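Just so it is clear, the values below take in all heavy atoms, side chains as well, and ignore hydrogens, waters and symmetry mates. Convention: sequence-line order gives letters A, B, ...; per-chain numbering from 1. Treat the numbers as computed from the prediction; the structure is a model and nothing was measured.
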2 protein chains.
Amino acid sequence: MKPASKASEIERIADTIARAVAEQRLPPGTRLVEAQLVDSLKANRNHVRSALQRLALRRIVSIQPNRGASIAQPSVEEARAVFTARSVIERGVIEILVSGVRKLDISLLKKQRDKEQAAIRNGPREVIIRESGQFHLLLARLAGNAVLEEMLNDLITRSSLIISLYQQHNNPQCGCDEHGNIIQAIEAQDPVKAVQCMSHHLHDIEMHLNLAFWETRTVDFGSVFSEEAESRLL
Amino acid sequence: MKPASKASEIERIADTIARAVAEQRLPPGTRLVEAQLVDSLKANRNHVRSALQRLALRRIVSIQPNRGASIAQPSVEEARAVFTARSVIERGVIEILVSGVRKLDISLLKKQRDKEQAAIRNGPREVIIRESGQFHLLLARLAGNAVLEEMLNDLITRSSLIISLYQQHNNPQCGCDEHGNIIQAIEAQDPVKAVQCMSHHLHDIEMHLNLAFWETRTVDFGSVFSEEAESRLL
DNA sequence: GTAGATTAAATTGTTAACAATGTTGGAGCC
DNA sequence: GGCTCCAACATTGTTAACAATTTAATCTAC
């Protein structure tokens, strides 16, 4: 007897990979060879192929015809677009939550926040990343909108990708408990402040990235192989 | 020589179907038999299957294991979620446009609006629907955010589905040129008003639907087969 | 005639072999 | 040595046959 429905086998594969990406266990650019996946995930090749195509649609992997799939390497432009989109969606989520249309269980948010704080103190990096993402996702879930939740789920995974590509230091997450501030503002039913907190939080994450550095850097062989670059090799 | 790249064959199929759905040539619930699609779209069965799975991911078709695919029939709950999500995203788009970060070519919007007005006067229904969708999509494109644009593209298609399921009369689109109002507000660089116009516009569309009617109606055989329903058969 | 069972057809799901393409490594040549 | 060319390998893409499942039709019993 198979516990999971047969149709969701593809989903299982896709989610396994997506999660590994979200938790930064699969770095951007990693090649995903079908045969390897088939045997490490104990799956049918067709299912693996379908899963890869799904992930390609979600921009988590990129597929080049006849050359296989690999974990995506979002461009700076895409990175900015993702964070802007997150801001748009998450501000919308916050507005829904604060508008008081649904009776909101703040304790769930606090519980998630505690879980995250515990992870920050002594958890491994991937757990920290996961719990942080879960907080944002929980907000969307509490807003009771499956469409926004699903979109945000994708964006969070893509954010992980972006962060592991463009992070400056290996500062896992800012320690300044911005999630706590968001909870406070929601609890206080202050729409303006809550939205501000969220905007600020996302902006903060984006600003800790190296985006500006790579922005204008079209691969410019002239300067790349100048004395400056060469001197670094010594 | 094949003009389109081989990899995008799946995309071609998916887009053909999605477009037919968006223009309401394929009504909700229509069964999509693989063999039929293979031969009417001159395609490989694998490609058709992949395309169907893609569309299932976009919630445009629904696939039931061993029972094939059919055009989705979004629930009332999903319908509301879609419109709320659209509102969130499109308000975000408007804010980006009005914020003046990008120099905006208003004439493109006006041109699209004219196209739409022309369609409303004498075009066939499907063209009206298409051009109306294109207006919203154009806003997202002008905002220069591919992520938001893609999300909105999906939502617009799903909206078409919802509208053909839940529309009250066969009023194709409101004649009151709300798109024109939106353009005006953007042109006047008035963020508050522009966002209001968009909100109002989307709310308007939603309110012209029968959602409330079906909301609580769990299929309740007792009342369905009462004298009222029977009398309608005579 | 209707309910239930049985068979046939239609449809989807799976598999494995084959084809096409891309990649790697080495032999021979300059 | 460095280069080109070619063959072997690895990987992806395609196809067709087969298996499993659902749907429709037919038949029998009552």
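As rounded to whole Å, 12 Å separates atom P of C:dT12 from atom CD of B:Gln64. Rounded to an integer number of Å, the gap from CD1 of B:Ile13 to P of D:dT14 is 11 Å. Taking atom CG of B:Leu32 as the reference point, atom P of C:dT12 lies 9 Å away to the nearest angstrom. Here the P atom of nucleotide C:dG22 and the CZ atom of A:Arg67 are 8 Å apart, to the nearest Å. Rounded to a whole Å, the CZ atom of B:Arg31 is 8 Å from the P atom of C:dT11. For the pair A:Glu34 CD and C:dG22 C1', the interatomic distance rounds to 14 Å; values are reported in whole Å.
Taking the side chain to side chain contact (heavy atoms under 4.5 Å, CB included) definition, one finds that A:Leu142 meets it with A:Leu97, A:Leu104, A:Leu108, A:Leu109, A:Leu138, sequence neighbours left out.
Using a 4.0 Å heavy-atom criterion, one finds that B:Leu52 contacts no nucleic acid atom at all. Heavy atoms of B:Ile63 sit nowhere under 4.0 angstrom from any nucleic acid atom.
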Just list the side-chain donor-acceptor pairs under 3.5 Å for residues 14-22 of chain B, sequence neighbours left out, or say none.
| residue | atom | partner | partner atom | Å |
| --- | --- | --- | --- | --- |
| B:Thr16 | OG1 | B:Arg12 | O | 2.7 |
| B:Arg19 | NE | B:Glu23 | OE2 | 3.1 |

Give me the distances for all protein-to-nucleotides 15-17 of chain C N/O pairs that come in under 3.5 Å?
| residue | atom | partner | partner atom | Å |
| --- | --- | --- | --- | --- |
| C:dT15 | OP2 | A:Asn44 | ND2 | 2.3 |

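The environment of A:Arg59 atom CZ is sparse: at most 12 non-hydrogen atoms of other residues, nucleotides or ligands sit within 6.0 angstrom.
An OP1 or OP2 oxygen of D:dT12 is reached within less than 4.0 angstrom by no side-chain nitrogen or oxygen of A:Arg49.
Looking at heavy atoms from C-beta onward, A:His179 lies in side-chain contact with A:Ser132 at the 4.5 angstrom threshold.
Checking C:dT12, C:dT21, D:dT11 against the side-chain heavy atoms of A:Asn66 singles out C:dT21 as nearest.
There is no side-chain donor-acceptor pair under 3.5 Å between B:Ser50 and B:Arg54. Between the side chains of B:Glu131 and B:Gln112, at least one donor N or O lies within less than 3.5 Å of an accepting N or O.
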